[in-house]
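Inspection log for the structure reproduced underneath, given as structure tokens.
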Amino acid sequence: MSGPEKPDEKPSPTKGLTEEELAKLKAAQRRNMILAVIGGLILAVLGWFAGQNMRGDDNGMAMYSEAQVISEFYVADNLGANQ
């Protein structure tokens, strides 16, 4: 054997990236996380308003009963069959 042997070096996960590049990546990651949280909150609020709108009346009843919906489909189906 010629010369001292070096132990196998494990590749570091940051090999090839400078400190400046790492700082930019971490800043982008933080920015994306903040945008994701803000977007999630906006979607949650919009979902809440959509749920309130779907609920209908203030008394908590749906806008249409099941019988009304079925009768509307029945009428629409019969109208389409007559054409």
Side-chain angles (χ1 to χ4, degrees):
M1 292 189 197
S2 62
E5 291 184 7
K6 295 181 182 177
D8 292 334
E9 293 181 17
K10 293 181 181 177
S12 85
T14 60
K15 191 172 187 177
L17 296 177
T18 64
E19 292 297 324
E20 182 180 322
E21 290 171 332
L22 279 175
K24 285 181 182 179
L25 288 175
K26 287 187 184 278
Q29 182 181 21
R30 182 170 183 207
R31 183 190 68 233
N32 290 342
M33 181 61 72
I34 290 172
L35 290 175
V37 168
I38 291 171
L41 290 173
I42 290 171
L43 285 176
V45 169
L46 290 175
W48 184 81
F49 280 118
Q52 294 295 313
N53 191 28
M54 291 290 292
R55 185 176 74 174
D57 298 344
D58 289 335
N59 62 6
M61 299 296 291
M63 289 178 57
Y64 301 105
S65 69
E66 184 178 337
Q68 288 174 320
V69 172
I70 291 172
S71 67
E72 288 294 326
F73 281 121
Y74 180 73
V75 169
D77 188 40
N78 285 338
L79 288 176
N82 292 335
Q83 292 179 359

Legend entry - side chain to side chain contact (heavy atoms under 4.5 Å, CB included) partners for Leu43, two or more places apart: none
Legend entry - With sequence neighbours excluded, residues passing side chain to side chain contact (heavy atoms under 4.5 Å, CB included) with Ile34: Arg30, Ile38
Inset, instruction - Could you list all the salt bridge (charged side-chain N to carboxylate O under 4.0 Å, His left out) pairs where at least one residue sits in residues 19-29, not counting sequence neighbours? - result: Glu20-Lys24
Legend entry - CG on Leu35 to CD1 on Ile42, rounded to 0.5 Å: 9.5 Å
Inset, instruction - Please go through Val45's hydrophobic cluster and name the other residues, only I, L, V, M, F, W, Y counting, with side-chain heavy atoms under 4.5 Å joining them. - result: Trp48, Phe49
